[in-house]
Structure formats: structure tokens, C-alpha cells
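The figures here come from the full heavy-atom set of this structure, side chains too, leaving out hydrogens, waters and symmetry mates.
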Amino acid sequence: MMLQQHLLFVLYSFCGIVIKEAATKNKVKGSQAQFPITQNVTVVEGSTANMTCRVDYNDNTSLQWSNPAQQTLFFGDKKALRDNRIELVRASWKELTISINDVTLSDEGQYTCSLFTMPVKTSKAFLTVLGVPAKPEITGLSRPAQEGEDVTLTCTTSGSKPAADIRWFRNDKEVQGQKEINATGRSFTVRSTIHLKVDRTDDGAAYTCVVEHIALGSLPHQVTEVLEVHYPPQVQIVRSVIVPQEGQYFKLECVSKGNPLPEPVFWTKDGGELPDVERMIVEGRDLIITTLNKTDNGTYRCEASNHLGTNRDEFTLYVYAKDFPGTTTDPNALTQPGPDHALIGGVVAVVVFITLCFIIVLGRYLARHKGTYLTNEAKGAEDAPDADTAIINAEGNHAHAEEKKEYFI
């Protein structure tokens, strides 16, 4: 009997513990489900921000949205703040969603969703507003620059939040600038400056300022200015043929560069005017001699000027005879290769040198053999007392010629 009572006591105790734990879990679950859930929101200035508050479990308890100043915007489906930009999107026991149209930087801050349980439960959501940078402007190019002048270009953009990034490009190549950031209320003004010492190669160069910002995405703002540089003329004379010949058509082209472009150019011969205007025709920058003759020999000068200076180039003309080799008769040819006299002279020099060396070696060889022959003939006469004996000795030497031979190399 005692054992049965003890077993019943243990069974009742175990059931009580199980029931108590189940009740505790349901209470905790209900408490957790009855808690507002929000998310931070990021929008671009001028767009619409949707603020949503959700509750997984709600026992008919009201939801409320408040702004960073703790002013009630909506209590359930009831609008509390008179602001035409704020509208109700959805209202139920499980969700309260509102929208803020035409968002400004002043709307940024921490918003609160409240669930009016006992005690009141809240959830925070931070609204971030991105300030869109204004289109950039480049200053410092109010007039054309002169070669050698120091030029400062400044690109400015305002209204960005956070501060925008500025990049510089010269044509397609990036160049580094000096960046400056200044706060203007809730937004920022950004400037970037580059310093140049310009020359004629900068004339026509395109300098582009690119503004990048998270609010612009993959479409940055940019502006381009083309640099104009003034510089004095540069002159070069180009001839139509290499070897001018009597009776030929001949042209001298005055290639002049400068900014402003030097117009017109002036042609002179030997320091004076052109002597024969019927045959010597100036067309734009070209001097054309329709038919060359020996009287055209001399120094021709082309001179070009603009407000920054004057430059000139000279060409000395010598007219060759009509049948002079290596000429060209093509009046449109600017360059025509003539015979390579240096190469021909080098080949001739090598041939002459080899011939002289051969003659010297051959001469030395012949002279050496001749001396040896005379020495052998005289061997029989060296010790002879008279001419008859010398002859006999010489004949004896000839008799032994087959026995004694000398070879010389």
C-alpha cells in the first residue's frame, strides 16, 4: 500500500513538472512573437522611403510609428502628423507600413515602431538619406592659355552625402588632383584641383572631371573642357624632288604650325622678292616653279607669323642639267631616292685596296725568285782564276742540276 502511494506521488509530481515547463515555453513563445520587427532603410534624396513594422503574433494590440523627433506619424491606421508626404501603405494587427515621399536630408534619423503591450515594446529603424551630388563644373579656362603658362583647373560639385569622389582624365589617361571637402549643412561640397604648365602638346587636349557617388550608381556625372594653347609658329620647307633639273616642275611646300594658325606665309628669294612671278607662283603655302632653269638657283625663304612671334625656314636650290642622272620628273613626289654614292664609293675603295695588296704580294714573290736564280749561276765563278775556268765550273753546275735543286716558297 505504501509503495502504491509513493508511485502515485512520483507520477503526479512528474506530470506537474511537464505541465509547468510546457506553460513556460508557451509564455516565452508568445512573448517573443509579440515583439515588433523593423529594418534599416537607405534611400536617395528625392525618392520614397517605405518603413515597415511587423509582428508575428499580436493579440489585437495597436502598432505605432514615430519620427526621430518622437512625433507620432501613424497610430494604427490613424494619421497623427499633418505632413502630406507621409502616407499609409498597409495597416493590420501584424503589420504597419508607411511611406515618406520626396525624402529630404532632414528626414534622416532613427524611427521607432511601438507595440502597446504591457510593458510597451519598441524596435528602432534608421533611415539613411543619400545626398545626390550636383553636376560638376570646371573653372580656370576663361581664356586661351599661352605656351609655358601655369594653368589651374578646378572641378566642383555640391550637395553630396556622403562626400563624392572626383577623378581627372587627360584624354583617356587619369591624372591626379588635389581633393578638398567642405561640409555645407547636412551635405558636402567637394573640389579637386590640378596644376598644369602647358605647352603646344596640350593644345586640343580634353580634360574631363568625373564625379562618382553611391547615389549615382554606375552612371557618374562628368564634364569635359578642351584646353586651347596659343604658341608661336614652327616652319619647315619640304621640296617636291630631290635633284631639281632644268625644265622640271618644282614645288616648295611651307609647312607651318602655330596657334593662331599663321596666315598667310611669305616667300622671298635671296632676301628679296620673287624675280619671275610668271613662272614662280604662290598658291596658299606652296611656291611653284613651273619650269626650272639655271636662273632659279638661290636661297628661298618661307616666313610665318602670329601675335606670339615669327619663324622662318630656308632652302638653297641648285638646278642641275637636263640629263643629270638620278632625277625625278614626278611633280607630286615629295621625296625620290637617288643613287647611293656613299655605297658605290665604298665598293670602289675596297676593290682598289684588294688590287694593290695583290700587286705588292706578286712583286715580292717575283723579286725573291729572281735573286735566288742569280745566286746559283754565280756559284761557279766565285773561285775561278780566269773566265775559261768560270765557264767550265758553270757547266759543271749545270751537269749536276738534276742532283741539286733549290725550292723557294
Side-chain angles (χ1 to χ4, degrees), residues 36-54 65-69 73-74 83-90 95-113 123-141 152-196 205-227:
I37 302 172
T38 59
Q39 289 183 338
N40 295 333
V41 177
T42 300
V43 294
V44 176
E45 183 181 14
S47 62
T48 299
N50 289 325
M51 311 294 294
T52 299
C53 179
R54 290 188 177 90
W65 269 114
S66 302
N67 64 13
L73 303 178
F74 269 90
D83 188 337
N84 295 330
R85 299 180 304 125
I86 303 175
E87 298 177 352
L88 178 66
V89 176
R90 188 178 297 104
E95 179 182 342
L96 178 60
T97 300
I98 64 173
S99 66
I100 306 174
N101 300 315
D102 195 17
V103 174
T104 64
L105 296 180
S106 60
D107 292 323
E108 182 175 274
Q110 186 168 265
Y111 288 72
T112 304
C113 175
S123 179
K124 308 290 185 180
F126 197 92
L127 174 62
T128 301
V129 181
L130 302 176
V132 181
K135 291 186 177 181
E137 180 183 359
I138 295 178
T139 57
L141 290 177
T152 299
L153 302 181
T154 302
C155 180
T156 305
T157 180
S158 60
S160 61
K161 179 183 167 296
D165 188 29
I166 294 180
R167 299 169 67 190
W168 281 99
F169 291 86
R170 182 188 187 276
N171 297 330
D172 295 328
K173 184 178 180 181
E174 186 171 2
V175 294
Q176 296 300 319
Q178 296 178 350
K179 187 177 179 181
E180 177 186 348
I181 301 175
N182 294 311
T184 307
R186 294 176 179 265
S187 63
F188 298 90
T189 297
V190 184
R191 294 182 179 86
S192 182
T193 303
I194 57 175
H195 301 281
L196 311 170
Y207 284 85
T208 302
C209 169
V210 178
V211 176
E212 297 177 340
H213 193 267
I214 186 174
L216 301 176
S218 60
L219 298 174
H221 289 327
Q222 66 180 45
V223 62
T224 300
E225 291 287 350
V226 177
L227 188 60

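- Checked by atom type and distance alone, the side chain of S158 never pairs as donor or acceptor with a backbone atom of T189 at under 3.5 Å.
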Checklist entry - When you look at T42 and L130, which way does the side-chain contact (heavy atoms from CB on, under 4.5 Å) test go after all the steps? => result CA-CA 7 Å; T42 300; L130 302 176; 4.0 Å; yes
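- When only modelled atom types and interatomic distance are considered, E95 and T97 share a side-chain donor-acceptor pair under 3.5 Å.
- The closest donor-acceptor contact from the side chain of N40 to the backbone of A125 lies at 3.5 Å or more, if one exists at all.
- Between P133 and V190, every side-chain heavy-atom pair lies at or beyond the 4.5 Å cut-off.
- Atom CZ of R170 sits in a crowded spot, with more than 12 heavy atoms from other residues, nucleotides or ligands closer than 6.0 Å.
- Heavy atoms only, all atoms of each residue included: V129 and E108 are closest at N-OE1, 2.9 Å.
- Rounding to the nearest 0.5 angstrom, the gap separating the CD1 atom in I98 from the OH atom in Y111 is 7.5 Å.
- Contact of the L141 side chain with the L227 side chain is registered, since non-hydrogen atoms from C-beta on lie closer than 4.5 Å.
- Contact check for V43 versus T48: no side-chain heavy atoms found under the 4.5 Å cut-off.
- Among all heavy-atom pairs drawn from G131 and A215, the shortest one is O-CB, 4.4 Å.
- Taking a 6.0 Å sphere around CD1 of I214, one finds it holds 12 or fewer heavy atoms contributed by other residues, nucleotides or ligands.
- Residues P162 and H213 form a side-chain contact, since some pair of their non-hydrogen atoms from C-beta on lies under 4.5 Å apart.
- Atom CZ of R167 and atom OG of S192 lie 11.5 Å apart (nearest 0.5 Å).
- With R191 contributing its side chain and T156 its backbone, the two residues share no donor-acceptor pair below 3.5 Å.
- No salt bridge links K161 with E45; every basic N to acidic carboxylate O contact stays at or beyond 4.0 Å.
- For the atom pair CG of D165 and OG1 of T157, the computed distance is 11.0 Å after rounding to the nearest 0.5 Å.
- Taking all atoms of both residues into account, the shortest heavy-atom contact from C209 to P136 is SG-CB, 4.1 Å.
- Summarising the geometry of A183 relative to F188, their closest heavy-atom pair is CA-CD2, 3.8 Å, with the distance given to 0.1 Å.
- Note that OG of S66 is 8.0 Å distant from NZ of K124, once rounded to the nearest 0.5 Å.
- Rounding to the nearest 0.5 angstrom, the gap separating the CE atom in M51 from the CG atom in L127 is 5.5 Å.
- More than 12 heavy atoms of other residues, nucleotides or ligands sit less than 6.0 Å from atom CD of E174.
- If you run side chain to side chain contact (heavy atoms under 4.5 Å, CB included) between H221 and each of V210, I166, L216, only L216 comes through.
- With a 4.5 Å cut-off on side-chain heavy atoms, F74 and V89 do not count as touching.
- In this structure the side chain of K135 never reaches within 4.5 angstrom of the side chain of V211, judged on heavy atoms.
- Atom-to-atom distance recorded for D172:CG and T208:OG1 is 8.5 Å, nearest 0.5 angstrom.
- Nearest heavy-atom pair across L96 and W65 is O-NE1, 3.0 Å.
- The minimum heavy-atom distance linking D102 with G46 is given by the pair OD1-CA, 3.6 Å.
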